[in-house]
Amino acid sequence: VDAARLDPGNNVLAVEIHQRSATSSDISFDLQLTGVTPGLPQVVRGPYLQQPTPDGMIVRWRTSVPTDSRVRFGSTAALLDQEGVVAGLRTEHAVSLNGLTANTAYFYVVGHTGGDLAGGDDCLFYTAPPDGAVQPMRFWVLGDAGTGLSGQFTVRDAYYQFAGTRYTDLILLLGDNAYNTGTDAEYQAKMFGVYPSIFRSTASVSTVGNHDTASQDNPDVTTTPYFQIFDHPTQGEGGGVPSGSEKYYSFNYGNIHFVCLDSMTSDRGVDSAMLMWLEQDLEQNTADWLIAFFHHPPYSKGSHDSDSLSDSGGRMTEMRANVLPILEAHGVDLVLSGHSHS
């Protein structure tokens with residue numbers, strides 16, 4: 001909104017809100033008014049964290065105008081004696097911090113070589129434990145969360161209350177992160193706008209759902225917001241066999257091997273590239289725990305029926321028939337999925 005439309009002194013702003021449908025049972029409203037000085041860079045998304053490893057982390061954020069990228073970090077908020085810098089002007093920033101110590105806390109601020117833009121007490125993350133390390137770990141798993149409705153905020157607040165001061169090691173997103181079609185604006189409002197504080201301190205990993213691709217079977221990974229938002233470890237950056245694909249991948253976290261599969265857009269056939277990679281990856285896995293996650297559930301009688309070949313294009317049945325035998329043969333401990341609202 002052009003500031004010229006406001007008068008000096010007090011202003012009254014009138015807002016109308018409408019039910020999404022005549023039968024809707026709830027309504028919610030959230031208004032934020034932010035003043036921005038034209039031309040000066042402001043952080044408008046993030047910061048948020050990607051690709052946690054024992055010796056590294058990717059810090060990402062978006063600015064209102066193009067700048068270069070700088071992260072200052074250190075072992076205390078008062079001693080940010082290290083930095084990562086990426087030259088060149090951009091609004092989408094991603095700085096890889098490398099050479100870090102495993103299982104260690106790091107404070108950070110983001111900005112550019114001309115100054116800091118965002119930081120604070122919640123800009124603190126822990127690096128992943130060393131491969132094979134046995135210790136208590138906490139993961140927050142969210143499936144089909146990004147509705148923007150009241151239930152999303154209720155679940156968030158309940159988890160925050162439950163977790164208290166206990167650090168959340170990793171956030172697992174099971175797809176359909178931003179309804180209804182996974183646009184950048186929907187991600188901004190229904191993911192980054194809902195979980196800003198925990199995203200600044202805990203890395204997130206995700207699998208792709210049907211609402212993240214507007215139900216496209218073969219989305220363009222160079223333009224679909226989902227693939228631009230997340231930095232997936234396609235080259236084995238966190239351990240495991242490199243997949244070479246942003247749609248499926250694996251990584252280690254302590255004594256856990258995580259496998260992310262794509263039940264939405266990749267071929268799920270027994271001779272498909274994804275399943276051949278899965279066999280190779282699991283044959284080399286030696287971790288104590290094996291956890292797999294993907295969007296379409298192999299077993300469900302909830303809002304979707306996994307026995308129906310016409311439901312969701314038969315994806316649930318294919319995941320059960322073709323993928324589960326591979327996972328079970330390699331001793332899978334836990335399979336997580338979303339899609340069916342139960």
Quiz item: Salt bridge or not for Asp184 and Arg62, using N-O below 4.0 Å?
Solution: yes
Quiz item: Which word best sums up how the rings of Tyr159 and Phe162 line up, parallel for under 30°, tilted for 30 to 60°, or perpendicular for over 60°?
Solution: tilted
Quiz prompt | Test item: Thr91 side-chain N/O and Pro66 main-chain N/O as donor-acceptor pair under 3.5 Å | solution = no
Quiz item: Hey, mind stepping through Asp122 and Ser201 against side chain to side chain donor-acceptor pair (under 3.5 Å) and telling me if it holds?
Solution: CA-CA 6 Å; Asp122 56 356; Ser201 61; over 6 Å; no
Quiz item: So, does Thr224 use its side chain to make a donor-acceptor pair with the main chain of Phe227 at under 3.5 Å?
Solution: no
Practice problem: Using distance alone, with no hydrogens and no angle criterion, decide if Ser303 and His341 have a side-chain donor and acceptor under 3.5 Å apart. | Solution: no
Exercise. Could you tell me whether the side chain of His295 and the main chain of Leu174 form a donor-acceptor pair under 3.5 Å?
Key: yes
Self-check item: Residues clustered with Val323, ILVMFWY side-chain links under 4.5 angstrom
Solution: Val241, Tyr248, Val259, Leu261, Met274, Leu275, Trp277, Leu278, Leu282, Leu290, Phe294, Tyr299, Met319, Leu324, Ile326, Leu327, Val332, Val335
Exercise. Verify the distance criterion only: is there a donor paired with an acceptor across the side chains of Arg72 and Gln82 at less than 3.5 Å?
Key: no
Quiz item: Glu186 and Thr183: side chain to side chain donor-acceptor pair (under 3.5 Å), yes or no, with the steps?
Solution: CA-CA 5 Å; Glu186 288 172 334; Thr183 64; 3.3 Å; yes
Self-check item: Any donor-acceptor N or O pair under 3.5 Å, side chains Glu328, His330
Solution: no
Quiz item: Should the pair Asp176-Lys190 be classified as a salt bridge under the 4.0 Å nitrogen-to-oxygen rule?
Solution: no
Quiz item: If we ignore angles and hydrogens, is there a donor and acceptor under 3.5 Å between the side chains of His339 and Ser312?
Solution: yes
Exercise. Could you tell me whether the side chain of Glu237 and the main chain of Gln235 form a donor-acceptor pair under 3.5 Å?
Key: yes
Quiz item: Can a donor-acceptor pair be found between the side chains of Asn98 and Ser96 at a distance below 3.5 Å?
Solution: no
Quiz item: Does one hydrophobic cluster hold both Leu97 and Tyr106, with members joined at side-chain heavy-atom distances below 4.5 Å?
Solution: yes
Quiz item: Is there a side chain to side chain donor-acceptor pair (under 3.5 Å) between Gln50 and Ser204 once you walk through the steps?
Solution: CA-CA 6 Å; Gln50 295 285 282; Ser204 58; 3.2 Å; yes
Quiz prompt | Proximity of Tyr195 and Trp140 rings by center, below 6.0 Å | solution = yes
Exercise. Applying ring-ring contact (aromatic ring centres under 6.0 Å, His included), run through Tyr167 and Tyr126 and close with a yes or a no.
Key: CA-CA 9 Å; Tyr167 182 70; Tyr126 284 82; 4.8 Å; yes
Quiz item: Can you tell me if Asn210 and Gln216 form a side-chain donor-acceptor pair at under 3.5 Å?
Solution: no
Quiz prompt | Flag side-chain contact, heavy atom, 4.5 Å: Cys260 against Ser250 | solution = no
Quiz item: Passes side chain to side chain donor-acceptor pair (under 3.5 Å), Arg90 versus Ser69? Steps please.
Solution: CA-CA 8 Å; Arg90 63 188 60 80; Ser69 312; 3.1 Å; yes
Quiz prompt | Heavy atoms of other groups near Gln161 CD, more than 12 under 6.0 Å | solution = no
Quiz item: Do Asn177 and Tyr187 have side chains that get closer than 4.5 Å, going by heavy atoms?
Solution: yes
Quiz item: Under 3.5 Å, is there a donor-acceptor pair between the side chain of Ser243 and the main chain of Ser245?
Solution: yes
Quiz item: Do Phe139 and Phe258 have their ring centres less than 6.0 Å from each other?
Solution: yes
Quiz item: Would Thr265 and Asp217 count as having a side-chain donor-acceptor pair, cut-off 3.5 Å?
Solution: no
Quiz item: Is there a donor-acceptor contact under 3.5 Å linking the side chains of Ser310 and Ser308?
Solution: yes
Quiz item: Okay, side chain of Thr234, backbone of Glu246: is any donor-acceptor separation there less than 3.5 Å?
Solution: no
Self-check item: Modelled atom types, side-chain donor and acceptor of Arg268 and Ser263, under 3.5 Å
Solution: no
Exercise. Would you confirm whether Thr101, through its side chain, and Thr104, through its main-chain N or O, come within 3.5 Å as a donor-acceptor pair?
Key: no
Practice problem: Please list, chain by chain and in numerical order, all residues satisfying salt bridge (Lys or Arg N to Asp or Glu O under 4.0 Å) with Asp7, sequence neighbours excluded. | Solution: none
Quiz item: Do the side chains of Pro298 and Ser306 get nearer than 4.5 Å, heavy atoms only?
Solution: no
Quiz item: Can we say Arg200 and Asp121 salt-bridge, meaning some charged N sits less than 4.0 Å from an Asp/Glu carboxylate O?
Solution: no
Quiz item: Under a 4.5 Å side-chain heavy-atom rule over Ile, Leu, Val, Met, Phe, Trp and Tyr, are Val86 and Tyr48 clustered together?
Solution: no
Exercise. Over 60° means perpendicular and under 30° means parallel, so classify the ring planes of Phe251 and Tyr249, tilted if in between.
Key: parallel
Quiz item: Is it true that atom CG of Asp271 has more than 12 heavy atoms of other residues, nucleotides or ligands lying nearer than 6.0 Å?
Solution: no
Quiz item: Met264 versus Arg315: any side-chain heavy-atom pair under 4.5 Å?
Solution: yes
Exercise. May I ask you to decide if Phe199's main-chain N or O and Thr202's side chain share a donor-acceptor pair within less than 3.5 Å?
Key: no
Quiz item: Hey, are the side chains of His93 and Arg60 touching, using non-hydrogen atoms and a 4.5 Å cut-off?
Solution: no
Exercise. For Asp144 and His211, test the side chains for any donor-to-acceptor distance below 3.5 angstrom and give the result as yes or no.
Key: no
